[in-house]
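Shown next, in structure tokens, is the structure this report addresses.
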Amino acid sequence: MTQFHTATATASTPVGGLNSGLFEGAQREIRSLRDETIALTVEGLNLYYGDTPALKAVTMQVPTHRVTAFIGPSGCGKSTLLRCFNRMNDLIDSCRIEGSINLKGENIYARDADVAELRRRIGMVFQKPNPFPKSIFENVAYGLRMQGVKDKRILTEAVERSIKAVGLWDEVKDRLDSNAFGLSGGQQQRLVIARAIAIEPEVILLDEPTSALDPISTAKIEQLVEQLKEQYTILIVTHNMAQAARISDYTAYMYLGELIEYADTMHLFTNPSKKSTEDYITGRYG
Ligand SMILES: Nc1ncnc2c1ncn2[C@@H]1O[C@H](COP(=O)(O)OP(=O)(O)OP(=O)(O)O)[C@@H](O)[C@H]1O
């Protein structure tokens with residue numbers, strides 16, 4: 001059963017407990033979902049690949065304009081759950097889903113749900129940067145062109161705004177017509193995020209977005225995530241617990257397809273309520 005903490009201690013006093021070093025100098029209160037506006041509600045979500053269950057009765061709420069991290073050992077279902085939020089699992093033939101996910105009150109798995117519109121509202125960025133074999137400009141303009149936008153001025157403004165938002169403008173403004181493959185891995189990943197935000201989604205799903213990047217590019221993406229949450233709701237799968245601690249507001253710990261514990265990140269890392277969570281976050285797992 002999922003455990004959610006409701007502690008109200010502030011972190012302006014030194015943070016104690018497990019992993020407290022991860023939060024040294026933290027100046028924020030322990031958050032509670034009760035005080036949040038909810039963007040996504042997952043209820044009784046079961047997912048099977050063929051006959052094999054990969055998600056078991058997942059129930060959770062994802063708050064608006066926060067970063068929610070999904071952690072847990074390899075194969076526990078983090079990416080599978082993330083893909084449920086924009087129905088990417090629909091592309092897998094053997095995949096069957098029960099339960100519901102509501103985006104601002106609408107079930108995205110309803111029979112009449114518009115999946116193309118859902119993917120406009122919920123964008124996704126993958127582990128390996130995947131720019132299209134097009135120019136930098138056309139990569140970012142792509143989603144708008146797909147929506148039928150032809151006006152060059154609108155496209156140019158959206159491209160510039162999105163590239164600026166990911167902190168890439170100064171690096172690429174003189175070569176917008178060059179092929180995106182000429183960018184470094186870290187630049188490509190920021191470009192792909194620019195492509196995602198150009199169509200103004202509400203939610204951004206990040207599936208291990210820094211695992212293929214060097215430490216400097218990783219730090220840039222982490223800073224970017226921090227900024228983007230002002231405007232977007234962000235869900236991130238990460239293997240890196242220090243990263244989850246640094247950038248997320250809430251953390252969901254998963255194990256064997258179950259959501260074991262879900263709480264304010266600082267609370268989960270310093271004072272978990274489940275033995276399984278504690279073993280994982282202290283490196284005792286396996
Ligand atoms: N397309 C698929 N077909 C069949 N089984 C799959 C498929 N994708 C994932 N699985 C299985 O579902 C389970 C959950 O996988 P998933 O990739 O979601 O885990 P994860 O926690 O993201 O793992 P990792 O951290 O290694 O990326 C695993 O047992 C995996 O083998």
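Scope of the values below: all heavy atoms of this structure, side chains included, with no hydrogens, waters or symmetry mates. All ligand and atom numbering here is 1-based and tracks the order in the structure.
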Atom pairs and distances, donor-acceptor, side-chain atoms in residues 39-47, under 3.5 Å, two or more places apart:
{"from": "Asn46", "atom 1": "OD1", "to": "Ala57", "atom 2": "N", "distance (Å)": "2.7"}
{"from": "Asn46", "atom 1": "ND2", "to": "Glu98", "atom 2": "OE1", "distance (Å)": "3.1"}

| request: Establish, from distance only, whether the side-chain atoms of Ser94 and Tyr48 form a donor-acceptor pair under 3.5 Å. | output: no
| Listed once per pair and sorted, the side-chain hydrogen bond (donor to acceptor under 3.5 Å, both in side chains) pairs that draw on residues 102-115, sequence neighbours left out | Lys104-Glu202
| For Pro73, what residues pass the side-chain contact (heavy atoms from CB on, under 4.5 Å) criterion, not counting sequence neighbours? | Cys76, Tyr253, Tyr255, Tyr280, Tyr285
| Stacked cation flag Lys274 on Tyr262, 6.0 angstrom / 45 deg | no
| task | Would you check if Met146 and Arg120 make a side-chain contact, meaning some heavy-atom pair closer than 4.5 Å? | result | no
| query | Which parts of the protein, at residue level, reach under 4.0 Å of ligand 1 through a heavy atom? | reply | Tyr49, Ala54, Pro73, Ser74, Gly75, Cys76, Gly77, Lys78, Ser79, Thr80, Arg83, Ile92, Glu208, His239
